J.: 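Input: one structure, supplied below.
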Amino acid sequence: MNIQIELVPRERGQVIRHLMQFYLYDFTKYLNIDVDQDGIFPEYPGLDAFWTEKDRKFPFLITSDGTPAGFALVEKLDPGSKDNDYYLTEFFVMQKYRRSGVGTSAAYELFRRFPGRWKVTQVRNNVIAQAFWRKIIGDYTGGRFREKFHPELGNPSQYFLT
């Protein structure tokens with residue numbers, strides 16, 4: 001299996017928008033999200049900024065053997081940020097490719113491309129994502145990461161250095 005991540009230019013942004021529908025569908029288990037009358041989830045807030053703020057926001061397509069398998073949205077924070085340089089805003093792998101190494105490979109490649117201080121957050125009740133990220137980050141860093149919980153929402157975030 002040949003796993004790649006590629007920066008998606010604005011002209012091909014529809015691939016991220018289309019995959020976002022599956023991502024939002026997955027999140028209906030954890031958040032109160034509904035489709036509109038046409039059966040479409042709402043536009044992801046701020047998605048266009050990933051093509052207008054090219055020095056700060058990075059939309060990646062994850063492929064497996066050339067076929068779209070997911071996406072990652074990475075944000076570079078202001079240099080004065082106290083805890084982290086990069087934030088993994090969203091990360092999605094289609095169910096077909098889960099537990100096959102696609103997510104692990106894509107995450108590791110992102111960490112290599114953007115060396116620095118990272119933050120990865122999961123929704124409080126998405127225990128599967130929490131287990132995935134704790135394992136991935138733990139393996140990548142040799143267990144050298146710290147975890148904080150959002151005081152109101154209870155969402156866990158892992159902080160680590162690549």
Side-chain angles (χ1 to χ4, degrees), residues 1-9 12-13 15-27 29-31 44-47 49-51 53-78 81-150 153-162:
M1 182 178 312
N2 181 18
I3 301 160
Q4 300 285 322
I5 65 167
E6 64 177 282
L7 204 51
V8 176
R12 292 193 49 233
V15 69
I16 302 285
R17 283 185 165 74
H18 293 167
L19 289 171
M20 187 65 75
Q21 290 290 301
F22 299 110
Y23 178 70
L24 293 172
Y25 170 76
D26 277 2
F27 262 82
K29 290 188 272 188
Y30 311 111
L31 302 174
Y44 180 84
L47 186 59
F50 282 87
W51 289 280
E53 298 179 38
K54 293 182 181 184
D55 293 336
R56 285 193 55 239
K57 298 186 181 225
F58 307 92
F60 287 98
L61 177 65
I62 302 167
T63 60
S64 176
D65 294 329
T67 301
F71 64 84
L73 302 178
V74 175
E75 187 170 351
K76 181 178 182 180
L77 302 180
D78 294 327
S81 176
K82 183 178 97 174
D83 289 325
N84 54 299
D85 304 312
Y86 298 100
Y87 180 54
L88 187 57
T89 307
E90 305 296 345
F91 187 88
F92 172 68
V93 174
M94 291 176 38
Q95 288 185 20
K96 173 182 178 177
Y97 299 100
R98 293 178 190 168
R99 302 193 190 293
S100 70
V102 169
T104 300
S105 180
Y108 282 13
E109 179 60 25
L110 289 171
F111 301 156
R112 281 190 292 274
R113 284 193 190 195
F114 298 98
R117 300 170 304 157
W118 277 81
K119 176 183 176 184
V120 177
T121 301
Q122 303 85 48
V123 173
R124 173 181 39 100
N125 52 355
N126 188 346
V127 295
I128 294 169
Q130 292 169 31
F132 172 80
W133 285 110
R134 286 176 183 135
K135 177 173 180 5
I136 295 302
I137 294 166
D139 289 349
Y140 190 83
T141 65
R144 292 182 305 275
F145 70 93
R146 61 188 166 88
E147 188 167 83
K148 292 185 195 177
F149 291 83
H150 189 279
L153 301 175
N155 297 338
S157 296
Q158 296 79 36
Y159 295 83
F160 58 99
L161 182 65
T162 61

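Just so it is clear, the structure is predicted and the values come from calculations on it, not from any experiment.
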J.: Of the non-hydrogen atoms in A72 and L88, which two are nearest, and what is the gap between them?
T.: CB-CD1, 4.3 Å

J.: Can you find a pair of side-chain heavy atoms, one from L24 and one from M20, that are under 4.5 Å apart?
T.: yes

J.: With ring-ring contact (aromatic ring centres under 6.0 Å, His included) as the test, pick out the partner of F92 among Y23, F22, F132.
T.: Y23

J.: For K29, enumerate each residue passing the side chain to side chain donor-acceptor pair (under 3.5 Å) test, keeping only those at least two apart in sequence or located in another chain.
T.: none

J.: Who are the side chain to side chain contact (heavy atoms under 4.5 Å, CB included) partners of I128, not counting sequence neighbours?
T.: N126

J.: Check salt bridge (charged side-chain N to carboxylate O under 4.0 Å, His left out) between K54 and all other residues, then give those that pass, not counting sequence neighbours.
T.: none

J.: Suppose we screen for side chain to side chain donor-acceptor pair (under 3.5 Å). Which residues come up paired with E75, at least two apart in sequence or across chains?
T.: R56

J.: Suppose we screen for ring pair (Phe, Tyr, Trp, His ring centres under 6.0 Å). Which residues come up paired with Y140, at least two apart in sequence or across chains?
T.: Y108, F111

J.: Grab the two heavy atoms, one from I3 and one from G101, that are nearest each other, plus how far apart they are.
T.: CD1-O, 3.8 Å

J.: Just verifying a value: how many Å separate R134 CZ and E147 CD, rounded to the nearest 0.5 Å?
T.: 4.0 Å

J.: Are K76 and F114 in a cation-pi setup, meaning NZ or CZ lies under 6.0 angstrom from the ring centre and within 45 degrees of the ring axis?
T.: no

J.: Excluding sequence neighbours, so at least two apart, what forms side chain to side chain contact (heavy atoms under 4.5 Å, CB included) with T141?
T.: I137, R144, F145, F160

J.: Run the side chain to side chain donor-acceptor pair (under 3.5 Å) test against S157 and tell me which residues pass, sequence neighbours left out.
T.: T121

J.: Kindly give the heavy-atom pair with the smallest separation between L7 and F58, and that separation in Å.
T.: CD1-CB, 3.9 Å

J.: Which residues pass the side chain to side chain donor-acceptor pair (under 3.5 Å) test with E109, sequence neighbours left out?
T.: R112, R113

J.: Identify the two heavy atoms, one from A106 and one from I5, that lie closest to each other, and give their separation to 0.1 Å.
T.: CB-CG2, 3.8 Å

J.: What residue among Q122, Q130, K119 forms side-chain hydrogen bond (donor to acceptor under 3.5 Å, both in side chains) with Q158?
T.: Q122

J.: Could you tabulate the donor-acceptor pairs under 3.5 Å formed by side-chain atoms of residues 61-71, not counting sequence neighbours?
T.:
unit_1: D65; atom_1: OD1; unit_2: N2; atom_2: N; d: 2.8

J.: Just verifying a value: how many Å separate F149 CZ and N155 CG, rounded to the nearest 0.5 Å?
T.: 9.5 Å

J.: Among all residues two or more places apart in sequence or in another chain, which pass the side chain to side chain contact (heavy atoms under 4.5 Å, CB included) test with R17?
T.: E43, L47, D48, W51

J.: Only counting residues at least two apart or in another chain, list the ones meeting side chain to side chain contact (heavy atoms under 4.5 Å, CB included) with A49.
T.: T52, E53, K57

J.: Considering residues at least two apart in sequence or located in another chain, which fulfil the ring pair (Phe, Tyr, Trp, His ring centres under 6.0 Å) criterion with Y44?
T.: none

J.: Taking T89 for the side chain and V74 for the main chain, is one N or O donor matched with an acceptor at less than 3.5 Å?
T.: no

